[in-house]
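Following: one structure in structure tokens, then a few remarks.
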Protein chains: 2
Amino acid sequence: MSSLPGEADLHVTVAQRLRRDHQRYTPARRALVELLVGAGGPVSLPELLRRDVALAQSSTYRNLGVLEAVGVVHRVVVEGESARYELAEDLTEHHHHLICTRCGAVRDFTISPTLERSLARAFDQVSAETGFRPTHHRLDLIGRCERCA
Amino acid sequence: MSSLPGEADLHVTVAQRLRRDHQRYTPARRALVELLVGAGGPVSLPELLRRDVALAQSSTYRNLGVLEAVGVVHRVVVEGESARYELAEDLTEHHHHLICTRCGAVRDFTISPTLERSLARAFDQVSAETGFRPTHHRLDLIGRCERCA
DNA sequence: CTCAGTGCAAAGGATTTGCATGCCG
DNA sequence: CGGCATGCAAATCCTTTGCACTGAG
């Protein structure tokens with residue numbers, strides 16, 4: 001179906017990317033990756049700390065920074081509160097976010113490949129007209145989640 | 001062509017929305033609105049202060065907060081640096097953002113009404129499936145602007 | 001042994017808030 | 001007059017950094 005690394009290979013891929021930059025795949029980093037795999041969307045730092053008490057705040061910030069630098073996690077900026085983190089797109093699937101303005105929860109969703117292609121064409125056109133060189137795009141729905149509606 | 005308030009009526013609309021919440025349309029607030037009208041995209045607070053030295057930092061934060069609360073300005077969150085502000089969409093036109101990851105500049109762009117409608121349909125479907133109630137959406141292109149390419 | 005990784009505490013930067021004063025309605 | 005607005009300075013909140021210690025290669 002897809003060429004994404006399966007659960008089984010994920011950690012191998014992560015370890016490779018870290019090693020490429022002379023970084024180690026330590027237990028703390030592995031714990032972060034596992035937390036991110038299990039989340040249904042981007043997770044904030046307080047949430048990460050809450051889910052694994054063994055993590056120190058400063059080390060977690062540092063490790064997320066390292067993981068981002070080697071292309072394993074992606075930092076997502078949302079309204080209010082603190083930043084959120086998710087696995088890089090090439091380790092998951094291309095997706096978008098439902099952002100609740102009341103409770104701050106963020107959940108993933110996808111749109112049809114057809115629509116994605118239409119968007120891609122539109123972006124190519126904008127790119128040609130403006131000289132802007134996009135590396136990726138961001139498409140989010142802002143509103144109230146089911147529980148906060 | 002459109003039903004947007006013209007330059008001429010904009011301040012009247014703003015004044016109305018403020019009055020509705022028992023707020024005044026003071027010179028400082030008017031200055032902010034005018035700065036935002038002239039910008040080609042969302043503006044950061046440091047930029048606003050730089051463009052009008054008469055504005056005090058704390059008052060500007062407070063006034064942007066008030067203007068946001070009455071639906072005149074919208075706060076845009078982007079990677080790194082500080083938040084950016086733009087006029088609310090019903091005072092301008094529905095648009096999206098080109099965000100440069102190098103210099104942080106943000107510029108507006110639009111996509112075709114047809115594509116917007118396709119997106120709207122997709123969002124309706126997501127909404128029906130998840131129970132999420134969107135109030136609006138956000139579609140940004142992330143990359144390098146012409147100058148930073 | 002050497003250098004990356006870790007945790008604590010202190011530093012930083014953006015934004016918010018307390019308070020006294022000025023001014024519009 | 002009464003309350004919103006304003007500016008300054010102090011306080012907060014999230015995030016980053018300095019430093020000494022531990023551990024893996």
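Letters go in sequence order (proteins before strands), and every chain restarts at 1. Note that the coordinates shown come from a computational prediction; the quantities given were computed from them, not determined experimentally.
- For the pair Arg62(B) and Tyr61(A), nearest-nucleotide mapping onto DNA chain D gives the more 5' position to Arg62(B).
- Using a 4.0 Å cut-off, some side-chain N or O of Arg29(B) falls inside it from OP1 or OP2 of dA5(D).
- Put simply, the side chain of Arg19(B) and the base of dG25(C) share no donor and acceptor less than 3.5 Å apart.
- Gln57(A) has no side-chain polar atom (N or O) that falls below the 4.0 Å cut-off from OP1 or OP2 of dT15(D).
- For Arg107(A), the CZ atom is loosely surrounded, since the number of other residues' heavy atoms within 6.0 Å does not exceed 12.
- Aromatic pair His96(A)/His137(B): centroids not less than 6.0 angstrom apart.
- In this structure, CD of Glu47(A) is placed 12 Å from P of dT15(D), rounded to the nearest angstrom.
- Using a 4.0 Å cut-off, some side-chain N or O of Asn63(B) falls inside it from OP1 or OP2 of dT6(D).
- A side-chain contact (heavy atoms from CB on, under 4.5 Å) with Pro42(A) is found for one member of Glu47(A), Glu86(A), Arg75(A) and no other, namely Glu86(A).
- Computed from coordinates, the Glu68(B) CD to dT15(C) C1' distance equals 13 Å when rounded to whole Å.
- For the pair Leu48(B) CG and dT15(C) P, the computed distance is 11 Å after rounding to whole Å.
- In this structure, the nucleotide among dT16(C), dG5(C), dG7(D) sitting nearest to the side chain of Ser59(B) is dG7(D).
- For Thr26(B) and dC4(D), the shortest distance from a side-chain N or O to OP1 or OP2 is not below 4.0 Å.
- Atom CZ in Arg30(B) sits roughly 15 Å away from atom P in dC24(C) (whole-Å rounding).
- Each of Arg24(B) and Ser58(B) was matched to the nucleotide of DNA chain C holding its nearest heavy atom; the match closer to the 5' end belongs to Ser58(B).
- Atom CG in Leu64(A) sits about 16 Å away from atom C1' in dT17(D), given to the nearest Å.
- Distance, Leu18(A) CG to dA4(C) P: 14 Å, rounded to whole Å.
- Residue Asn63(A) forms a side-chain hydrogen bond (donor to acceptor under 3.5 Å, both in side chains) with just one option from Gln23(A), Arg29(A), Glu68(A), and that option is Arg29(A).
- Rounded to whole Å, atom P of dG25(C) lies 14 Å from atom OH of Tyr25(B).
- One can place CG of Leu45(A) at 13 Å from P of dG7(C), the figure rounded to the nearest angstrom.
- Side-chain atoms of Thr135(A) come within 3.5 Å of backbone N or O of Ile142(B) as a donor-acceptor pair.
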